[in-house]
Amino acid sequence: MSIKIRMRGKAKGGLAEVKALIKHPMESGARMNKKTGKPYPANYINVVEVLVNGTKAIDAQWGGAVSANPYVGVKVKANKGDKVTLNVASNIGDKGTDSITLR
Amino acid sequence: MKRRSFLKGTLATGAAAVAVNAGLLTPSTVLADWNKKAFAAKKVDEALNGMYGTATATTSGDISLKAPAIAENGAVTPITIDASKMKGVESISIIAAKNPTPLVCEYTFASAAEGYVSTRIKMGETQNVVAIVKAGGKLYKAEQEVKVTIGGCGG
């Protein structure tokens, strides 16, 4: 299943603030299902990458304690017209990607 | 209701995280290596050792850690860490000291990125949020207490 990402970013003076919202339950594997008495299976994004024009700028690792529907706010050195890509992958193998051209 | 089950659930995170690391994680599908050891650690020092190989960090005033003094909903606590004043920032980690697995997330920066991270994290109870910044090969930290109100009436 692919993970949905919404991204926006704006460049100013060589620095671009990129914001993204990812649609994901971020189930840590600790929350109990009261009906069955068993925990909901872990399903969370654990690897996040930010690329600028195809070159890796940020490499992030997440645990299950990042909130559901995660927000990502980062700053990269990029100018207007540069392409910023966000790649994510979850512990059960779901992947998602989105890119924007900076305005 | 959701929060209640979350709070209950956090108590069992430790054991569950170990189970996850043992079985469910499929290395072939992740983009980069995921640091199992650090994320499964139940103590702050263990997590730091697993991530950086050391647990000594110096408190630094150059790190700006923005977190709410009171979080009415512990499941969505906005955290912003700005270490762009520091030179050569290599990595930023967020640690929730009393969470069952304290390490929340870790960001590694290449030359094309600034030492800035903004995210939202889950917190089980009132505790300190610690920002760990690795710059020039050394670890620096900044701490702030976040009160998590259970009643949800802002008090």
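What you are looking at is a predicted structure, and each value in this text was computed from that prediction instead of being measured. Each chain gets a letter, A, B and so on, in the order the sequences are listed, and its residues count up from 1.
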In residues 47-55 of chain B, what donor-acceptor pairs under 3.5 Å come from side-chain atoms, sequence neighbours left out?
unit_1, atom_1, unit_2, atom_2, d
N49(B), OD1, T54(B), N, 3.4
N49(B), ND2, D45(B), O, 3.4
Y52(B), OH, S91(B), OG, 2.8
Y52(B), OH, S93(B), OG, 2.6
T54(B), OG1, T56(B), N, 3.2
T54(B), OG1, T56(B), OG1, 2.8

Are [Y] and [X] linked, directly or through intermediate hydrophobic residues, by side-chain heavy-atom contacts shorter than 4.5 Å (ILVMFWY only)?
X       : Y      : result
L51(A)  : V74(A) : no
V72(A)  : I3(A)  : yes
V76(B)  : M26(A) : no
I132(B) : L65(B) : yes
V47(A)  : Y71(A) : no

*Among S67(A), G64(A), A57(A), P70(A), which residue forms the greatest number of heavy-atom pairs with chain B at distances under 4.5 Å?*
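Looking at each option in turn, the highest pair count goes to S67(A).
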
For [X], is it the side chain, the backbone, both or neither that has a heavy atom under 4.5 Å from a heavy atom of chain B?
X      : answer
I45(A) : neither
A68(A) : backbone
N69(A) : backbone

_If you count every heavy atom of other residues, nucleotides or ligands that lies below 6.0 Å from K147(B) atom NZ, does the total exceed 12?_
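No - once you tally the heavy atoms of other residues, nucleotides and ligands closer than 6.0 Å, there are 12 at most.
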
_Does anything in residues 74-91 of chain B form a salt bridge (Lys or Arg N to Asp or Glu O under 4.0 Å)? List the pairs, not counting sequence neighbours._
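Counting only pairs at least two positions apart or across chains, the salt bridge (Lys or Arg N to Asp or Glu O under 4.0 Å) contacts touching residues 74-91 of chain B are E90(B)-K134(B).
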
*Check for a donor-acceptor pair, side chain of W34(B) on one end and backbone N or O of G63(A) on the other, with a separation under 3.5 Å.*
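Side chain of W34(B) to backbone of G63(A), a donor-acceptor pair under 3.5 Å: no, none is there.
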
*asked:* For the CG atom of N46(A) and the CG atom of N35(B), what is their distance to the nearest 0.5 Å?
replied: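 These two atoms lie 11.0 Å from each other.
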
*asked:* Would you compute the distance between atom CD1 of I94(B) and atom CH2 of W62(A) and round it to the nearest 0.5 angstrom?
replied: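 Between I94(B) CD1 and W62(A) CH2, I get 10.0 Å after rounding to 0.5 Å.
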
*So which residues of residues 105-121 of chain B are in contact with chain A at a heavy-atom cut-off of under 4.5 Å?*
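Checking residues 105-121 of chain B against chain A gives C105(B), E106(B), Y107(B), T108(B), F109(B), A110(B), S111(B), A112(B), A113(B), E114(B), Y116(B), V117(B), S118(B), T119(B), R120(B), I121(B).
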
*Could you tell me which residues in residues 8-19 of chain A have at least one non-hydrogen atom under 4.5 Å from a non-hydrogen atom of chain B, sorted by residue number?*
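Interface residues of residues 8-19 of chain A: L15(A), E17(A).
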
